[in-house]
Amino acid sequence: DTGVSQDPRHKITKRGQNVTFRCDPISEHNRLYWYRQTLGQGPEFLTYFQNEAQLEKSRLLSDRFSAERPKGSFSTLEIQRTEQGDSAMYLCASRSDRSTEAFFGQGTRLTVV
Amino acid sequence: AQKITQTQPGMFVQEKEAVTLDCTYDTSDQSYGLFWYKQPSSGEMIFLIYQGSYDEQNATEGRYSLNFQKARKSANLVISASQLGDSAMYFCAMREFDFNKFYFGSGTKLNVKP
């Protein structure tokens, strides 16, 4: 399978704990996105990477959130001191310079209890 | 202002009939793309169809077609011959080509009845 891969698929954590999610984009896709989706809503943009450079961050991305893409391949999204409001689906997507559409992974569903 | 507006939270359609899902958008850019994605209960976002702002013909992909009315800033998705497997959430999205991020609407939940 050469699609976008996200790990884990599900994460349950206690409030205040740190969590980290991983995204492996489609091979050779240099552009990578993180989105957050709450129940009944459309995905909301969090951040965008072109290769290893983080070029855009949403105001939704508070200082508790950090994303990296150290070698321009996989990316991680870390949430520190999780809050119940962080409960959501976290979606990763990638695209190449030649593609107009983005390809999404299956998401990581985070539940903060 | 919302970049993408989907005014139908839910829709029902009889199997084998056609259905139109509405989408309007807001941009002052001349160069942009419009997209439709399907999200089944499993959660993944599946790309369906793309329309560029400069494309003169409406896009079609199998049973999917995009009714693009540029002056009205609408990009409705038409699904012909609905199937039970079409039951899912459908999201309209836009990307302005001077920028990189995609804007999504709030979605329409489609239920196909047997």
Side-chain angles (χ1 to χ4, degrees), chain A residues 1 3-11 21 23 26 29-51 53-61 67 88-111, chain B residues 2-10 21-25 29 31-55 59 61 64 66 68 75 77 88-110:
Chain A
D1 184 14
V4 178
S5 177
Q6 292 188 246
D7 183 70
R9 293 289 311 280
H10 303 274
K11 178 72 176 179
F21 310 141
C23 171
I26 293 172
H29 277 194
N30 60 335
R31 300 166 188 260
L32 186 145
Y33 302 81
W34 285 99
Y35 278 79
R36 181 172 70 186
Q37 186 180 22
T38 53
L39 201 61
Q41 299 297 317
E44 295 175 296
F45 172 78
L46 291 178
T47 191
Y48 163 75
F49 289 86
Q50 186 166 324
N51 300 308
Q54 188 175 19
L55 296 185
E56 194 169 353
K57 289 170 59 173
S58 165
R59 284 170 294 179
L60 292 174
L61 215 65
M89 174 79 88
Y90 290 83
L91 294 164
C92 177
S94 70
R95 70 179 181 95
S96 70
D97 286 338
R98 293 185 303 277
S99 64
T100 51
E101 71 272 23
F103 297 86
F104 281 80
Q106 291 187 299
T108 294
R109 185 171 295 283
L110 173 67
T111 302
Chain B
Q2 292 282 348
K3 287 281 190 182
I4 298 287
T5 302
Q6 294 181 254
T7 58
Q8 305 155 313
L21 307 184
D22 294 342
C23 172
T24 57
Y25 60 92
D29 281 15
S31 182
Y32 53 90
L34 297 155
F35 307 81
W36 277 92
Y37 283 85
K38 172 184 179 181
Q39 188 178 42
S41 55
S42 57
E44 65 181 305
M45 298 280 283
I46 302 167
F47 167 72
L48 296 178
I49 194 167
Y50 161 78
Q51 178 86 42
S53 58
Y54 292 115
D55 294 340
E61 287 288 346
Y64 304 109
L66 201 153
F68 180 46
L77 177 71
M89 285 290 290
Y90 288 81
F91 291 96
C92 180
M94 176 179 68
R95 182 169 69 88
E96 296 156 327
F97 289 158
D98 286 341
F99 306 97
N100 291 289
K101 65 184 175 186
F102 292 77
Y103 296 93
F104 285 85
S106 55
T108 295
K109 185 172 176 59
L110 178 67

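Source: prediction; values computed, not measured. Proteins come first, then strands; the chains are lettered A, B, ... in the order of their sequence lines, and each starts at number 1.
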- Message: Are B/Phe102 and A/Tyr35 an aromatic pair, judged by ring center distance below 6.0 Å?
- Response: no

- At their closest point, which heavy atom of B/Phe91 faces which heavy atom of A/Gly42, and how far apart are they? CE2-CA, 3.3 Å

- Item | Shortest non-hydrogen separation from B/Asn100 to A/Tyr48 and the atoms involved | OD1-OH, 3.2 Å

- Task: Could you tell me which portion of B/Gln6 (side chain, backbone, both or neither) has an atom closer than 4.5 angstrom to a non-hydrogen atom of chain A?
- Result: neither

- Query: By a 4.5 Å heavy-atom criterion (distance strictly below it), what part of A/Glu56 contacts chain B: side chain, backbone, both, or neither?
  - Reply: side chain

- Bottom line for A/Gln6: the part with an atom under 4.5 Å from chain B's heavy atoms is neither

- With a 4.5 Å heavy-atom cut-off (strictly below), which parts of residues 46-53 of chain B touch chain A? List them by number. B/Phe47, B/Tyr50

- Minimal non-hydrogen separation, A/Tyr33 against B/Lys101, with atom names: CE2-CA, 3.9 Å

- For chain B, find its close neighbours in residues 89-97 of chain A: heavy-atom separation under 4.5 Å, sorted by number, or none. A/Met89, A/Leu91, A/Arg95

- Please name the residue in the list B/Met45, B/Gln39, B/Glu44 that meets the side chain to side chain contact (heavy atoms under 4.5 Å, CB included) test with A/Phe104. B/Met45

